[in-house]
Engineer: 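Let me begin by handing over the structure; questions about it come next.
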Amino acid sequence: MTLMKLTASTLAIAAVSATAAMARDNIQIAGSSTVLPYATIVAEAFGENFDFPTPVVEGGGSGAGRKKLCEGVGENTIDIANSSSRIKQSDIDLCKTNGVDEIMEVRIGYDGIVFASDIAGPDFAFTPTDWYNALAAEVVKDGKLVPNTAKTWADVNASFPAQDILAFIPGTKHGTREVFDVKVLEAGCKASGAEEALVAAKGEEDGKKACLALRTDGLSVDIDGDYTETLARIAANKNAIGVFGLSFYQNNTDKLKVATMDGVVPSTETIASGDYPVSRPLFFYVKKAHIGVIPGLKEYLEFFVSDDMAGPEGPLAAYGLVSDPELAKTQEAVANETPMGPLN
Amino acid sequence: MTDATSQTGRSGAQPRKSLHVTDARTRRRNAAEARFRFYGAAAIAVSILALVILLTSVLGNGLGAFRQTFITMPVALDATVLDKSGTGDIEVMKKVTTIGYAKVIEKALATALAEKGIATDGLTAKQISGLLSQEAAANLRNQVLADPALVGQTVDVKLLANGRVDGFFKGRVTMDSAKLDSNISPEQLELALKMREAGLMSLSFNPGFLFGGDASELRPEAAGLGVAILGSAYMMLIVLVLALPIGVAASIYLEEFAPKNKWTDLIEVNISNLAAVPSIVFGILGLAIFINFMGLPQSAPIVGGLVLTLMTLPTIIIATRAALKAVPPSIRDAALGVGASKMQAITHHVLPLAMPGILTGTIIGLAQALGETAPLLLIGMVAFVREFPDAPPEGFFDPASALPVQVYNFTQRADPAFVERASGAIIVLLVFLLLMNAVAILLRRRFERRW
């Protein structure tokens, strides 16, 4: 009777599910979609050259990854969280309450954020002030705080062509947005004198917050998807300027033209030297309790930060990661399994 | 009705003079009829047009993924490099990483070019080896480790070419775009053209796309669907094994045994409701119950299968109940009349007659589950998984990907070569769906009975 057989196999499956506490032999990683391509490159090479299985790497965003890391200790929690921004005190507290006491912080290098437009469009040489004056809700004009009415880039800066303002910036769930807020909008807010005026008008805290308020008339568009979406939108709207990661731009140099910031062309060299202002460190966080439990975890960590991978000549640099000048220090910390200290 | 009787009193409706001359009213009615038919035909035309646009864009983008540029050349497997101990000890040979193999291939490529008399002036060694995929070294290493006796010989190997070179032969990359491209130069492409003329490089069918694992963004040319297809197959197996018996048993009880009261009404309403619940809700449920509470592993087909089972159950129950209802009561009555028990009447007569309907419903439910992405996002199936899961049942607990999720994954990558990969994956998914639906239609045609 087929029905009997089916029922029997159902029971068998249920029985197997009940005894699911199987030893995990692969490393599990989740987090930032910016770090994701780097992590997959290392995971791939690791699986090829070591006897351990290729680690499983998931995206999902920096914040989500760190939260998953802090869910607890055990085989059905992840081992490593990729993050494009530094861990927050709230994450560390969450980790503590769930028994994750020791976390290792590993800085893998730096990533640049570039401003690029369609390849056929005009060249731009931006400063953070230009971006603030183009996108902010309120700007300073003739010493007074007024709502932003600039329609073209020429309204913002007379040296720019009269191209309509349309900017595709990362949505608030992205780690990239944080950097954009701090390094571009806040810097522009300060430099243009708007911060002073806003603080004077709204008080210390609200004024600083108002620096990050963007215009809502549709000229600044939040992109919640990935850079591929921004690229597709620019292809459809040649006037637009988008915000990308350096590595994404380097893979699409035939479609995009990059703008300079403060007169500096973004490249791995200018970011490493610190000349290009809009950059950020990339991290991953490791659950120390899993080292020695999950096979290959220590080897993976050492392989990731080795000169062969994360060094200036390695495949990560070839993909667009700016190698960390203090890589040797990171290698030492990983070798000694030094947990991170309190945030400063 | 009134038209025929109340002809008088209306200005436009004169009594008809002749059957051969249509009056104004009839003309209007005929025109309305013609318009009505036109609307219907236009609706069909719009949907066909949409389908044609979809298929041409998917096929146009994706068919290229099934063919790939390969470099075929002899490679001298130097024993002094690959087997330093000279003993053929596999553990020692494993110490040579892909970087070592990449150098061997680099040298072999230079030799092959020299043999064919292809000049490589103005190109650095790095640019020349840049024509090869980084996957090539890994392939060669696996080949050698699988058969250590190869060391010391010169073997003909077929290696993947770089994604940009491949794109050049497929028309995605042009000399103009290469000028602006930081990953490839026009000189490299010219060398590739010469290599094709010399027979070193050719486009051919790429089994790796169907049977290989995923690959990182540095080597889009090596990315394959093998893990995703296997993961989807595992999940479908789990769904079939769980949802079919549960669904059929539930439907038989509800249809044949359950008393008609408030409770069964409530259950019925709930089943219909569940069928319309957005699938992401099942994903959240799966995350909370199967992963967080039951402690099942993340990214595993077992969790995906269980979630999709929950999603498919209502579809199967509704289809099965309809199939059971369609069996005429006279069959049941006759069976009971000759002394069969209720169970015998159902298992010997009603169920076999309802089977085609049940199977059709199940297959359509499975096809729906196969294309489902949203719930899988929440249970960690959207991951970079390169390792193949083991054979079932252990394999159900290994990390795997799924076909629709792989499409989503590919579309998020930076390298433009992944666009082709994503469309190729869509084609594979569509072929599977088409096959499943064809089987459903076939079953219905072959076994369906009408009373």
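Chain letters run A, B, ... following the sequence lines, proteins first, then strands; residues in each count from 1.
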Engineer: Using non-hydrogen atoms only, which part of Ala215(B) is less than 4.5 Å away from chain A: side chain, backbone, both, or neither?
Structural biologist: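 Contact with chain A involves both backbone and side-chain atoms of Ala215(B).
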Engineer: Quick one: what part of Leu145(B) sits under 4.5 Å from any heavy atom of chain A, side chain, backbone, both or neither?
Structural biologist: neither
Engineer: Are the side chain of Asn252(A) and the backbone of Ala414(B) linked by a donor-acceptor contact shorter than 3.5 Å?
Structural biologist: yes
Engineer: With rounding to the nearest 0.5 Å, note down the distance linking CD in Gln412(B) to OG1 in Thr228(A).
Structural biologist: 6.5 Å
Engineer: CG/Asn183(B) to OH/Tyr319(A) distance, rounded to the nearest 0.5 angstrom?
Structural biologist: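 One finds 9.5 Å between CG of Asn183(B) and OH of Tyr319(A).
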Engineer: Could you verify whether a donor N or O on one side chain and an acceptor N or O on the other, from Thr97(B) and Asn49(A), lie under 3.5 Å apart?
Structural biologist: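 Not at all, the side chains of Thr97(B) and Asn49(A) share no donor-acceptor pair under 3.5 Å.
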Engineer: Select one option (side chain, backbone, both, neither) describing which atoms of Asn251(A) are under 4.5 Å from chain B's heavy atoms.
Structural biologist: both
Engineer: To check you understand the geometry: which heavy-atom pair defines the closest contact between Ser177(B) and Asp254(A), and what is its length?
Structural biologist: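 Looks like O-CB, 3.5 Å.
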Engineer: Return the option, out of Pro53(A), Pro55(A), Ala43(A), with the maximum number of heavy-atom pairs under 4.5 Å with chain B.
Structural biologist: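 Highest number of heavy-atom pairs under 4.5 Å: Pro53(A).
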Engineer: Let me know if Ser401(B) has heavy atoms under 4.5 Å from chain A in its side chain, its backbone, both or neither.
Structural biologist: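 Neither part; nothing is under 4.5 Å.
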Engineer: So what's closer than 4.5 Å to chain A heavy atoms on Thr98(B): side chain, backbone, both or neither?
Structural biologist: both
Engineer: So, are Lys94(B) and Glu48(A) salt-bridged, with charged N and O less than 4.0 Å apart?
Structural biologist: no
Engineer: For a 4.5 angstrom cut-off between non-hydrogen side-chain atoms, does Phe384(B) reach Glu58(A)?
Structural biologist: no
Engineer: At a heavy-atom separation under 4.5 Å, does Tyr227(A) approach chain B through its side chain, its backbone, both, or neither?
Structural biologist: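 Tyr227(A) has no heavy atom closer than 4.5 Å to chain B.
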Engineer: Minimum heavy-atom separation for Pro399(B) to Asn26(A), with atom names?
Structural biologist: CG-ND2, 3.2 Å
Engineer: Any chance NZ of Lys298(A) has more than 12 other-residue heavy atoms, nucleotides or ligands included, within less than 6.0 Å?
Structural biologist: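 More than 12 within 6.0 Å, yes.
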Engineer: I need the Lys255(A) NZ to Asp181(B) CG distance, nearest 0.5 Å.
Structural biologist: 8.0 Å
Engineer: Is it the case that atom CE in Met343(B) sees more than 12 heavy atoms from other parts of the structure closer than 6.0 Å?
Structural biologist: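 Counting neighbours around CE of Met343(B), 12 or fewer heavy atoms of other residues, nucleotides or ligands fall under 6.0 Å, so no.
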Engineer: Say you draw a straight line from CG of Asn292(B) to CD of Glu71(A); how long is it, rounded to the nearest 0.5 Å?
Structural biologist: 5.5 Å
Engineer: Looking at Arg413(B), Arg164(B), Arg219(B), Gln298(B), which makes the most heavy-atom pairs under 4.5 Å with chain A?
Structural biologist: Arg219(B)
Engineer: Rounded to the nearest 0.5 Å, what separation is found between the CG atom of Leu218(B) and the OG atom of Ser247(A)?
Structural biologist: 10.0 Å
Engineer: Relative to chain B, which segment of Lys68(A) carries a heavy atom at a distance below 4.5 Å: side chain, backbone, both, or neither?
Structural biologist: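 When you check distances to chain B, only side chain atoms of Lys68(A) fall under 4.5 Å.
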Engineer: Going by atom types only, do Ser216(B) and Glu44(A) share a side-chain donor-acceptor pair under 3.5 Å?
Structural biologist: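 Yes - a donor-acceptor pair under 3.5 Å links their side chains.
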Engineer: Shorter than 4.5 Å, heavy atoms on both sides: which option in Thr40(A), Asn76(A), Ile119(A), Asp308(A) has the most such pairs with chain B?
Structural biologist: Thr40(A)
Engineer: CG/Leu180(B) to OG1/Thr253(A) distance, rounded to the nearest 0.5 angstrom?
Structural biologist: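 Spacing of CG (Leu180(B)) from OG1 (Thr253(A)) equals 7.0 Å.
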Engineer: Is it the side chain or the backbone of Leu231(A) that comes within 4.5 Å of chain B heavy atoms, both, or neither?
Structural biologist: neither
